[in-house]
Amino acid sequence: MNRLLKYFIFIVFCFSSCLPFHAFLYIVPDQKDIKRFKHAVVKHADTCFEFPKIEKNKTIFVSNWTYKTPLSKMRLEQFLEQQQCYHFMVIKNDSIVFEYNDKKLKSYQPSPTFSVAKTFVSACLGKAIEEGYVGSVNDLVKNYIPELNYHKNFDLLTINELLNQKSGIHENVNHLSHTNYGKIEKILPKIEFDYKPGEKLEYVNTNFTLLGILIERATKKDLYQYFSEKIWSKIGTCDSSVWGYDYQTHHTRAFSFFGGSTRDYAKFGKLYMQNGMWNGKQIIDSNWVKSTTACINPLGENIGYNSGWYIGEKEFGDYMALGMYRQQIYINPKSNVVIVCIMKFDYRNLPLRWWQLLRQISGQA
């Protein structure tokens, strides 16, 4: 088969499948998505807060091992170079004690953090409940998205089950294609279930797409705008930030597609470490922060996942926002440490023992 014929068949398949063309062109999200797709600007604070920085990076060692590589000890800088890290920042007692940036990156551009955005959605939901736009996490989703009325499971599906990945919703290529690249509202009449809500934990991006729509319907504001007005602009953020936006059906791409700077991500971590308080003002309700970062999630389960956050063991008290390829906002309240880690999009980073590595670093910061 010649090349021209193959190309013709590919084009016919794209159009006949009813999926967005970009879904075929860019199958797996990566760093370049920030430039490829349309975004909305997330307004930063009017006054920039700068973390004080010590003159020289603190000397920190890590012991790294995976199921493929033996135990080895090395300086943190060496480890980050080996793992092709883009940005790494350690905040201890509100000061930068260690910072690493890839020297190949000559100018600032927002760093995408993929599913870290889910923690931003979680924070927005807490704010919407606090302000009375949403009743509680026990409300039925269909009360806010009435189109969801064609399956018996919608009579059971609560906000809490979306938030904690127990909706039972079936994830498929069609959903992912439209929520990533196409018209978000196209998924609303086509949702199917694998399980009864509350029956089984299964990580599904559609859950947070629906939460985004729900918050937008309840507040009558775009999610990116609500996040900026109520949270991001209130915590001394400095740099240009963006959030993927569907300009056809007018929705923020809630489950992913956020891009910002290392120091601004650290401020979000600091906000949570301070139980939602910033500069003497309560930005997010402290009860919401505590309940959504506790070992026991609002469904009464200890499963290491709570409302968009990944939760460490109770003895450590740490937790993190986590994105594809190990973009991380790690928070260790006992050590008063926040770590932001933006790794290269490389599957070799995935098997590393990140909880242990980040705890090692916290203990030496």
Side-chain angles (χ1 to χ4, degrees), residues 22 25-51 53 57 77 80-91 96 98-121 123 179-181 212 222-225 227-228 231-247 252-271 320-330 338-350:
H22 283 128
L25 196 59
Y26 307 118
I27 297 172
V28 179
D30 63 30
Q31 176 85 23
K32 296 177 182 177
D33 285 354
I34 286 291
K35 293 182 177 180
R36 284 176 183 147
F37 305 119
K38 293 181 179 179
H39 294 81
V41 174
V42 180
K43 188 178 182 297
H44 56 68
D46 293 330
T47 303
C48 171
F49 168 76
E50 294 279 12
F51 288 106
K53 184 177 180 180
N57 273 347
E77 292 94 333
L80 296 173
E81 287 174 4
Q82 284 187 3
Q83 300 305 133
Q84 301 182 61
C85 176
Y86 287 135
H87 305 285
F88 199 93
M89 180 178 286
V90 182
I91 310 287
I96 300 171
F98 183 94
E99 185 174 13
Y100 173 91
N101 296 291
D102 187 342
K103 295 175 183 177
K104 296 176 185 176
L105 303 175
K106 301 300 182 183
S107 60
Y108 170 73
Q109 71 171 19
S111 296
T113 46
F114 298 102
S115 286
V116 166
K118 291 180 173 68
T119 61
F120 299 162
V121 175
T179 54
N180 272 304
Y181 310 115
D222 287 314
L223 178 65
Y224 80 87
Q225 183 183 12
F227 177 63
S228 173
I231 300 171
W232 199 245
S233 67
K234 305 296 184 184
I235 58 174
T237 47
C238 304
D239 301 309
S240 172
S241 298
V242 295
W243 205 335
Y245 192 75
D246 167 14
Y247 282 91
T252 305
R253 299 193 187 278
F255 78 90
S256 184
F257 286 95
F258 190 95
S261 70
T262 312
R263 60 178 176 172
D264 286 346
Y265 288 132
K267 291 161 194 172
F268 185 76
K270 171 179 161 67
L271 174 69
M320 72 167 79
L322 179 61
M324 191 178 189
Y325 305 116
R326 305 309 304 199
Q327 291 79 36
Q328 298 160 109
I329 305 174
Y330 171 81
V338 173
I339 299 174
V340 177
C341 174
I342 310 293
M343 302 298 292
K344 183 181 179 181
F345 302 174
D346 192 324
Y347 286 106
R348 288 174 297 177
N349 291 325
L350 300 184

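For K270, the salt bridge (charged side-chain N to carboxylate O under 4.0 Å, His left out) partners at least two apart in sequence or on another chain are D94. Scored by the ring-ring contact (aromatic ring centres under 6.0 Å, His included) test, F255 finds no partners at all (sequence neighbours excluded). With sequence neighbours excluded, the residues forming a side-chain contact (heavy atoms from CB on, under 4.5 Å) with Q328 are M320, L322, R326, C341, W354, L358, listed by chain and number. By the salt bridge (charged side-chain N to carboxylate O under 4.0 Å, His left out) test, K118 pairs with no residue at all, sequence neighbours left out. For the side-chain contact (heavy atoms from CB on, under 4.5 Å) test, residues two or more places apart in sequence or in another chain that qualify with H44 are T237. For E81, the salt bridge (charged side-chain N to carboxylate O under 4.0 Å, His left out) test picks out no residue, with sequence neighbours left out. With sequence neighbours excluded, the residues satisfying side-chain contact (heavy atoms from CB on, under 4.5 Å) with Q82 are M74, Q78. Listed by chain and residue number, nothing satisfies the side-chain hydrogen bond (donor to acceptor under 3.5 Å, both in side chains) test with S228 (two or more places apart in sequence, or in another chain). Checked against side-chain hydrogen bond (donor to acceptor under 3.5 Å, both in side chains), Y265 has the following partners two or more places apart in sequence or in another chain: T113. Partners of Y247 according to the side-chain contact (heavy atoms from CB on, under 4.5 Å) rule, which considers only residues two or more places apart in sequence or in another chain, are K38, A40, Y245. In terms of the side-chain hydrogen bond (donor to acceptor under 3.5 Å, both in side chains) criterion, residue partners of S241 (sequence neighbours excluded) are, by chain and number, W232.
Of all heavy-atom pairs between S115 and S256, the closest is N-OG, 4.4 Å.
Inter-residue side-chain proximity for S261 and H87 is flagged as unmet; no heavy-atom pair is nearer than 4.5 Å. Residues V338 and F51 have side chains not in contact (no heavy-atom distance under 4.5 Å, counting atoms from C-beta outward). The closest side-chain heavy-atom distance from F268 to T119 is below 4.5 Å.
Applying the salt bridge (charged side-chain N to carboxylate O under 4.0 Å, His left out) test to every pair with at least one member in residues 41-51, sequence neighbours left out, gives these pairs: K43-D46, E50-R263.
With rounding to the nearest 0.5 Å, the separation of CD1 in I329 from CZ in F120 is 4.5 Å. Expressed to the nearest 0.5 Å, how far CD1 of I339 lies from CE of M89 amounts to 12.0 Å.
Each of F258, W243, F257 was checked for a side-chain contact (heavy atoms from CB on, under 4.5 Å) with Y224, and the lone residue meeting it is W243.
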